[in-house]
Structure formats: C-alpha cells, structure tokens
**Q** 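If you scroll down you'll find the structure; I have some questions about it.
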Amino acid sequence: MPVEDRLSSGIDRLGLCVSEAQLSKLRNYARMVLEFNKGYNLMKADGEDEMYVNHILDSLSALRHIQDLAGRLSSEQPALADIGSGGGCPGIPLAILMESYSFTLVERMEKRSAFLSAVVRELALQNVRIQTLQAEKVVPGSFDLALFRAFHPFDRKTTKTLLSLLKKGGFLAAYKARSEKIAAEMDAVRDMIPSYQKIPLTVPFLEDHERNLVVVQKC
C-alpha cells in the first residue's frame, strides 16, 4: 500500500469520521515532525509510514475512549492536557479531531515546545495552547483529563505528580503496551491508585502489537 494511503486507510479502519481539512492537518503535522525531527529529536520516526502508523494512528486508536471520558466529566468546558507532549502525540492528532475541546500540551524542553508552538500556528489550532513547564510545576488541579504517551511509567513520583494535576473526579489516560508490564507498574502504586481500567486498543497495521489505554479516576 502506498505510504500516502496508510493514514486515510488507517482512519477508515478505526471507523473515524474525518474531514478533508482535518486529514490535511494530520498530514501537514506529520510533514513538520519529519522535517524537524533530526534537529529536535521529537520522536522515533524515520519516514511517513512510521509517523502515520506508530504515532498518529496509535494516538487516534484511543479517540473514542477519550471522547467518552470527556463526555463523563462534570465540567461544561473540560480542560484536557497532554503531559510530556514531546513532538505532540497524542495531543496534536486528538486536538485536530476534537475541535470543540481545549487542549494544553505540557512540555518542559524549550526546543520541543517551540516546535509545538510552530505546529499550532501552522495548522491554526485554536483549541491548543502550549505550557513550557515541567509537569511538577504545573498548577495543581489544572485539568479534567490528563493524557500521556511514552512519558514515564507509573512510578510513585510520576503518579503523585499526575494525580495532582487533576481536578477531583478527573481522569488520567495513559497509552501503554503489554498487560504484564501494566500490572507490575500498577501493583507498585496500589496504595495510590487502588483501581484502574485497562482498555485494549487496536492500532491499524500494528495489530500484532499489544496496546492498551490505562484509565484512572481521581477520587
């Protein structure tokens, strides 16, 4: 299959309704990552195929679940965040498709933060803002829903920081891989997170790779 068809075909496999304008933004975002990746060390992506499948489609594989969580929040205008956003996944792809929600991309490295700001300007993403901060320095209780992908494992320090960012009743949603590794991580913080939900994800063209979304609600 031609590389340029991977994205649209993968979106179809996920059953998502995406406009031509949104698809164009996703492609332009991928182009920008590949253009700046070498100098900015944004993410592991050697070409369009890897960028589309391993990053954009992986991010979008949880879209319906993220929308469901956002719909369960009590806030009329939920504040969503991508913590340790790096090159912008999952925050940028999700924000492109979830235009009615406000996203904050939290990234401590100034170079990567500058890249994210350039993406927001280039794609005219009016629902996205950038915070150039360590997660530990974000104002507590800032977000209703905090997402992270390839940020940190659920160790005690990370868990304490992430939970502090949430409003009461808010959700953490973490993109994770193997179930046994998830179980080990969560067992180590059982006193901090007594219960969680593990939702299997299917990433188009990576069906043989186990992917899960771990969801935690702050009591």
Side-chain angles (χ1 to χ4, degrees), residues 4 6-8 10-11 14 16-37 39-43 45 48 50-71 73 75-135 138-139 142-151 165 170-175 213:
E4 61 268 18
R6 286 276 193 183
L7 184 59
S8 56
I11 286 171
L14 289 171
L16 303 179
C17 183
V18 178
S19 70
E20 283 300 320
Q22 289 170 327
L23 188 60
S24 177
K25 287 183 179 183
L26 290 171
R27 288 193 167 122
N28 282 331
Y29 166 59
R31 173 187 56 77
M32 292 183 72
V33 170
L34 294 173
E35 181 180 344
F36 288 91
N37 205 20
Y40 285 62
N41 191 27
L42 299 168
M43 60 185 74
E48 283 187 353
E50 189 171 7
M51 182 64 204
Y52 286 156
V53 175
N54 293 47
H55 299 290
I56 293 180
L57 292 176
D58 182 74
S59 297
L60 295 181
S61 68
L63 175 67
R64 293 190 185 281
H65 303 295
I66 300 299
Q67 289 173 322
D68 177 64
L69 292 174
L73 294 165
S75 175
E76 290 186 8
Q77 294 184 316
L80 280 62
D82 177 7
I83 309 300
S85 188
C89 283
I92 294 292
L94 291 174
I96 289 172
L97 268 61
M98 296 174 66
E99 296 171 332
S100 61
Y101 290 92
S102 296
F103 283 79
T104 299
L105 309 186
V106 178
E107 172 53 46
R108 67 181 180 86
M109 294 183 64
E110 290 188 7
K111 184 180 285 190
R112 292 177 180 175
S113 184
F115 168 78
L116 294 173
S117 296
V119 170
V120 169
R121 289 193 302 271
E122 177 75 17
L123 304 185
L125 299 178
Q126 298 182 2
N127 62 331
V128 179
R129 71 186 186 104
I130 312 300
Q131 274 196 330
T132 311
L133 281 176
Q134 292 181 329
V138 175
V139 175
S142 290
F143 307 118
D144 297 286
L145 174 54
L147 314 164
F148 67 100
R149 174 182 180 268
F151 174 54
L165 303 182
F171 293 100
L172 287 178
Y175 288 71
L213 189 72

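What you see is a predicted model; the values in this text were computed from it and never measured. Any value given below was found using the heavy atoms of this structure, including those in side chains, with hydrogens, waters and symmetry copies removed.
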**Q** Could you give me the CA-CA distance, side-chain angles and deciding distance for I92 and K25, then say whether side chain to side chain contact (heavy atoms under 4.5 Å, CB included) is met?
**A** CA-CA 10 Å; I92 294 292; K25 287 183 179 183; over 6 Å; no

**Q** Are L94 and Y101 side-chain neighbours, meaning at least one heavy-atom pair lies under 4.5 Å?
**A**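 Sidechains of Y101 and L94: no contact.
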
**Q** Looking only at heavy atoms, what is the nearest atom pair of A45 and N37, with distance?
**A**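 Of all heavy-atom pairs spanning A45 and N37, the closest is O-ND2, 3.3 Å.
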
**Q** Would you check if V106 and L165 make a side-chain contact, meaning some heavy-atom pair closer than 4.5 Å?
**A**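 V106 vs L165: side chains apart.
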
**Q** Check whether any side-chain heavy atom of C89 lies under 4.5 Å from a side-chain heavy atom of Y29, and answer yes or no.
**A**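 Yes, their side chains come closer than 4.5 Å.
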
**Q** Using every non-hydrogen atom in the two residues, find where V128 and A95 come nearest and quote the distance to one decimal.
**A**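 Smallest interatomic distance, heavy atoms only, reads CG2-CB, 3.4 Å.
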
**Q** Side-chain contact, heavy-atom cut-off 4.5 Å: Y40 with M109?
**A**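 No - every pair of side-chain heavy atoms lies 4.5 Å or more apart.
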
**Q** Given side chains that start at C-beta, do those of L14 and L60 come closer than 4.5 Å, heavy atoms only?
**A**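 Counting from C-beta outward, L14 and L60 do come under 4.5 Å.
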
**Q** Rounded to the nearest 0.5 Å, what separates atom CG in N127 from atom CZ in F103?
**A**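 Between N127 CG and F103 CZ, I get 7.0 Å after rounding to 0.5 Å.
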
**Q** Just verifying a value: how many Å separate F143 CZ and T104 OG1, rounded to the nearest 0.5 Å?
**A**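 Answer for the CZ-OG1 pair, F143 versus T104, is 4.5 Å.
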
**Q** Give me the atom names and distance for the closest heavy-atom approach of A30 to Y52.
**A**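 Residues A30 and Y52, closest heavy atoms: CB-CE2, 3.6 Å.
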
**Q** Are S8 and R27 close enough, and set up right, to give a side chain to side chain contact (heavy atoms under 4.5 Å, CB included), and what steps lead you there?
**A** CA-CA 10 Å; S8 56; R27 288 193 167 122; 3.9 Å; yes

**Q** Look only at the side chain of D82 and the backbone of L105, and say whether a donor-acceptor pair between them is shorter than 3.5 Å.
**A**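 Not confirmed, D82 side chain does not pair with L105 backbone.
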
**Q** Once rounded to the nearest 0.5 Å, what's the spacing between atom CG of L34 and atom CD of E50?
**A**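 The distance works out to 9.0 Å.
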
**Q** Show every donor-acceptor pair shorter than 3.5 Å between a side-chain atom in residues 117-126 and any protein atom, with sequence neighbours excluded, or say none if there are none.
**A**
residue: S117; atom: OG; partner: S113; partner atom: O; Å: 3.1

**Q** Is the backbone of G170 close enough, under 3.5 Å, to the side chain of D144 for a donor and an acceptor to pair up by distance?
**A**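 Such a contact is absent between D144 side chain and G170 backbone.
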
**Q** Nearest 0.5 angstrom please: L213 CG to L147 CG, how far?
**A**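 Here the interatomic distance stands at 8.0 Å.
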
**Q** Please give me the minimum heavy-atom distance between P78 and L73, naming the atom from each residue.
**A**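 Nearest heavy atoms, P78 then L73: CB-CD1, 3.6 Å.
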
**Q** Are any of the side-chain heavy atoms of M98 and L80 separated by less than 4.5 Å?
**A**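 A side-chain contact exists here, since the closest heavy-atom pair is under 4.5 Å.
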
**Q** With salt bridge (charged side-chain N to carboxylate O under 4.0 Å, His left out) as the rule and sequence neighbours excluded, what pairs involving residues 92-115 come up?
**A**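 As it turns out, there is no salt bridge (charged side-chain N to carboxylate O under 4.0 Å, His left out) pair with a partner in residues 92-115 once direct neighbours are skipped.
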
**Q** For the residue pair L116 and S85, establish whether any side-chain heavy-atom pair is separated by less than 4.5 Å.
**A**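 Yes - at least one pair of side-chain heavy atoms lies under 4.5 Å apart.
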
**Q** Measure the CG-CG distance between L26 and L97 for me, rounded to the nearest 0.5 Å.
**A**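 Result: 6.0 Å between the selected atoms.
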
**Q** How long is the straight-line distance from CZ of R31 back to OG of S24, given to the nearest 0.5 Å?
**A**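 Rounded to the nearest 0.5 Å, the OG-CZ separation comes to 9.0 Å.
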
**Q** Tell me, do R149 and S59 make a side-chain contact under 4.5 Å, heavy atoms counted?
**A**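 Side-chain contact under 4.5 Å: yes.
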
